[in-house]
Amino acid sequence: MVRHTTCIMSIPSTASIESQLPTTWSSYPCPDISTVMPSYTSSLWSQDYKPQYWSKYLVWQWLQQMVDMHQIDAASIHFQNFDVDGRQLCSMTYQDFTRAAGTVGPILYQSLNELKWSGQHLGVEFNPLDMIKSEPDDTKRSHSRPHQIKKHNPRGTHLWEFIRDILLNPEWNSGLLKWEDRTDGVFRFLKSEAVAQLWGKKKNNSSMTYEKLSRAMRYYYKQEILEHVDGRRLVYKFGKNAQGWRESEK
DNA sequence: TTCTTATTTCCTGTTT
DNA sequence: AAAACAGGAAATAAGA
């Protein structure tokens, strides 16, 4: 309760955000995008605190949040197995989780279990609207976390991983980014400003733009996380230091 | 607290 | 002309 209150307070007023939105947002075909907009107040979401009622998208958001929170290597999760709504998610067994997320499965299973009941008496731990933030909830379960899944990600997901994960989830990637060449790792921004806004959301930076995001992308060339692609606008390619984007790696 | 990393912000110039 | 691309330089945020 406390935590998401502060989160919502930290988000700029609805009016100012909406006035900044590029037109692509208003005509944005993805119904899900609205769920990450601050204009959706808690009243609308009251029952979404209960995992049982989550939509598929909220499930995905929860997963993203778990990945950030526990610094999990997103590539180790078979997201296809989580293309389910809250009711289905809640009916997944411990085994199901292990099958779908390997060593991370138990963590997800446990976290979800806490949520199933916490909404009622222990206070809400997970606010769907928080998803974009990577606040390391540190309530002493870090010890039991299998060390092998810990990723050296100081700040949660890096930009290239954020991009990769959107690309890896076609069911939620409605027109943000698109593979140009799946095997070569070539992709293109279809909604550059929308992706920038989402990235900004994740970093709690409402003034992120494609202009700035692309500068960060260009720094990746030197690190060989991205490879340069000839003159094709909005097209990038994963380099040898980018992991987890290949179909075979998943 | 300093050092380092990974951006973020700003900018000038070039290209599409 | 508008939107992207190129990078340099400086500022920042947060982890070690």
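Every chain is numbered from 1 and lettered A, B, ... according to where its sequence line falls, protein lines coming before strand lines.
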How many Å lie between [atom1] on [X] and [atom2] on [N], as a whole number?
X: A:Leu159; N: C:dA13; atom1: CG; atom2: P; answer: 18 Å
X: A:Lys203; N: B:dT8; atom1: NZ; atom2: P; answer: 4 Å
X: A:Lys202; N: B:dT7; atom1: NZ; atom2: P; answer: 12 Å
X: A:Arg188; N: B:dT16; atom1: CZ; atom2: C1'; answer: 15 Å
X: A:Met208; N: B:dA6; atom1: CE; atom2: P; answer: 16 Å
X: A:Asn204; N: B:dT7; atom1: CG; atom2: P; answer: 16 Å
X: A:Leu213; N: B:dT9; atom1: CG; atom2: P; answer: 11 Å
X: A:Trp199; N: B:dT7; atom1: CH2; atom2: C1'; answer: 8 Å

Counterpart residues, side-chain hydrogen bond (donor to acceptor under 3.5 Å, both in side chains), relative to A:Arg232 (two or more places apart):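 Testing A:Arg232 for side-chain hydrogen bond (donor to acceptor under 3.5 Å, both in side chains), a comparison that skips the adjacent residues, returns none.
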Base, sugar-phosphate alone, or nothing: which one does A:Tyr220 contact when heavy atoms must sit under 4.0 Å apart?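 A:Tyr220: backbone/sugar contact only, no base atoms under 4.0 Å.
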Smallest separation among heavy atoms of A:Met208 and A:Leu213, with atom names: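 Scanning both residues, the minimum pair turns out to be SD-N, 3.8 Å.
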Please name all residues satisfying salt bridge (Lys or Arg N to Asp or Glu O under 4.0 Å) with A:Lys212, sequence neighbours left out, ordered by chain then number. none
Listed by chain and number, what are the salt bridge (Lys or Arg N to Asp or Glu O under 4.0 Å) partners of A:Lys222, not counting sequence neighbours?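 With sequence neighbours excluded, A:Lys222 shows a salt bridge (Lys or Arg N to Asp or Glu O under 4.0 Å) to no residue whatsoever.
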Does [X] place a side-chain N or O at less than 4.0 Å from the phosphate oxygens OP1/OP2 of [N]?
X: A:Trp160; N: B:dA6; result: no
X: A:Asn205; N: B:dT9; result: yes
X: A:Lys212; N: B:dT9; result: yes

Tell me who clusters with A:Val229, hydrophobic residues only, linked when side chains sit under 4.5 Å apart either directly or through other members. A:Val186, A:Val235
Name the atoms and distances for all side-chain donor-acceptor pairs under 3.5 Å in residues 88-102 of chain A, with sequence neighbours left out.
| from | atom 1 | to | atom 2 | distance (Å) |
| --- | --- | --- | --- | --- |
| A:Gln88 | OE1 | A:Asp85 | N | 3.0 |
| A:Ser91 | OG | A:Gln88 | O | 2.8 |
| A:Thr93 | OG1 | A:Gln95 | N | 3.3 |
| A:Thr93 | OG1 | A:Asp96 | N | 3.0 |
| A:Thr93 | OG1 | A:Asp96 | OD2 | 3.2 |
| A:Asp96 | OD1 | A:Arg99 | NH2 | 2.6 |
| A:Asp96 | OD2 | A:Thr93 | N | 2.8 |
| A:Thr98 | OG1 | A:Tyr94 | O | 3.0 |

Keeping the roles fixed (side chain from A:Glu193, backbone from A:Thr209), state whether a donor-acceptor pair exists under 3.5 Å.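 Looks like no, no N/O pair under 3.5 Å.
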Protein-to-nucleotide contact annotation, 5' to 3' order, nucleotides 4-10 of chain C [B base; S sugar-phosphate only; - none; under 4.0 Å, heavy atom]: SBBBBBB
